[in-house]
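Inspection log for the structure reproduced underneath, given as structure tokens.
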Amino acid sequence: MGRVYLPATLETVFEILSREPSARLFAGGTDLLVRSSAVRRNEGSLVCLERVEGLSGISESDGAVRIGACTTHGELMAGGLITERFPILREAVRHIGAPAVRNMGTIGGNICTASPAGDSLPALYVLDAEVELHSAKGQRRMPLGRFISGPGLTALEPGEVLAAVWIDKDQGFNFHHFEKVGQRKAMAISVASMAFAAHLDGAGSVVRARCALGSVAPKVFTSQALDAFFAGKPLNEETLGAAAALVREGVSPISDVRASEEYRRTVAGNLLMRLEGARAAVR
Amino acid sequence: MKRKITFILNGSEVSIETDPALRAVDVLRQDLGLTGTKEGCGEGECGACSVLVDDTVKLSCLMTAAQLEGKKIVTIEGIARRQELHPVQQSFIEYGAVQCGFCTPGMVIAAVGLLTANPAPTREEVRDAIGGNICRCTGYQKIVDAVEDAARKMREGHSGG
Ligand SMILES: Cc1cc2nc3c(=O)[nH]c(=O)nc-3n(C[C@H](O)[C@H](O)[C@H](O)COP(=O)(O)OP(=O)(O)OC[C@H]3O[C@@H](n4cnc5c(N)ncnc54)[C@H](O)[C@@H]3O)c2cc1C
Ligand code: FES
Ligand code: FES
């Protein structure tokens, strides 16, 4: 029978992992405990991170916001700092599962699962998030884009724990939009999703833009060429049509039970076209 | 490999010797005999196993028994106040929001969780709150009506039925 540890400090987590390298970490369990059948749950030990000091909650320091890895999606949505500074992140996690799943699932779990459909990920890319990793040897930081290398693949080393996500406080965006296409409204894993944020000048032209798409490539799709393409242009049909074409060319979706490759490619481009309406709605 | 787990269940402290790798839903139903909490899917998709953990709605099929330690757990058995139904339960009856009843415990827990955090939800917020609870019978409208009615009752200060 497997054990379940409920450590209170990272030091204890590292001790357990050095003694039992095969022990599996979990936070909310909404990915891990779903995938492990009752039988598999009993194969090895589990280490629950929910009570580890320093892994939960949202704080501010040195011009940046630190979100503890075990902060739940529900806590993120309720956090005034997130709503005020990073509305696109709030909007993205609002689309995850249903309330009970958001009350359990964590931002750290969403990142470490590294699913191409992880809903917080496009928003975190747009915000240039960094991850803070801890192990018995010390800590390191790296951009999220480097941490996730493919579906289910991260730079997490054995014995290492994701402790937090860092986002610069001043993003300088004054327009943002998140949209997810799923098979139904609640509880649907996305077929394609898009996070877009921009600084628009008084005339409505893009000064700087960041765009990231989920579920349309092995990892979140971003493109410097695409971001640069927006500069100096208004978010009108012409700009967005050309951007949509860039996206349809650039993405590399898969076909699965939820959608075909072709459908995903089309939807990815269509998501760009939605920006015109989103822009009109806030003008 | 049993372990002693102590927590507050429906207002009273309980201590049980159980396998911490079991799911919370199994501990509640089998070890403690509280079969009001249902298991529908066992995968987080249906909401039938919802319980309140420190006043927050969670899914007991995705929790290990170990995580009950030190928590305040409320199951459907703890929602009524002694002999008096909770306004949500009363409204479910009045509005015909219960048919086969399998989803009802989870629905009631989701509604109580919502109304604790947000006493005056919009219809859209009510829909969102029960968005993870599947009902094969009612078509949801009567459930949403019932939750709205319960919110009204609670705002007007009815303690129960
Ligand atoms: C019904 C249902 C609906 C869902 N809908 C959505 C959805 O719409 N969108 C979406 O994006 N996701 C969805 N999910 C998936 C899941 O809820 C999210 O990915 C969630 O954020 C995972 O967080 P968790 O804490 O529960 O992860 P866990 O299951 O606890 O962990 C997931 C993985 O990450 C690792 N891990 C977790 N935390 C750490 C850490 N701090 N350090 C190192 N490793 C860690 C674990 O070892 C495990 O491999 C859904 C799940 C369910 C059950
Ligand atoms: S049994 Fe837990 S969500 Fe279905
Ligand atoms: S009343 Fe039968 S499932 Fe809801």
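Computed from a prediction, not measured in an experiment: that's the story for all the values here. So that the names make sense, note that chain A is the first sequence line, chain B the second, and so on, each numbered from 1.
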Does [X] have more than 12 heavy atoms from other residues, nucleotides or ligands lying within 6.0 Å of its [atom1]?
X: B/Glu125; atom1: CD; result: yes
X: B/Lys71; atom1: NZ; result: yes
X: A/Phe14; atom1: CZ; result: yes
X: B/Arg136; atom1: CZ; result: no
X: B/Glu17; atom1: CD; result: yes

Which of these passes side chain to side chain contact (heavy atoms under 4.5 Å, CB included) with A/Pro99: B/Thr56, B/Asn133, B/Asp128?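 Testing A/Pro99 for a side chain to side chain contact (heavy atoms under 4.5 Å, CB included) against B/Thr56, B/Asn133, B/Asp128 leaves exactly one candidate, B/Asp128.
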
Atom pair CE (B/Met63) and CE (A/Met104), whose distance is rounded to the nearest 0.5 Å: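 Those atoms lie 6.0 Å apart.
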
Would you compute the distance between atom CG of B/Leu59 and atom CG of A/Leu33 and round it to the nearest 0.5 angstrom?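 Separation between the atoms: 11.0 Å.
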
Identify the heavy atoms of [X] and [Y] that sit nearest to each other, and give their distance.
X: A/Arg51; Y: B/Glu69; answer: NH1-O, 2.7 Å
X: B/Gly131; Y: A/Ala98; answer: C-CB, 3.9 Å
X: B/Ala66; Y: A/Leu6; answer: O-CD2, 3.4 Å
X: A/Asn103; Y: B/Lys58; answer: O-CE, 3.4 Å

Proximal component of B/Arg127, with respect to chain A [non-hydrogen, under 4.5 Å]: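 Nothing of B/Arg127, per the 4.5 Å heavy-atom cut-off to chain A.
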
Hey, is the main chain of A/Arg3 close enough, under 3.5 Å, to the side chain of B/Arg3 for a donor-acceptor pair?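 No: the side chain of B/Arg3 does not pair with the backbone of A/Arg3.
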
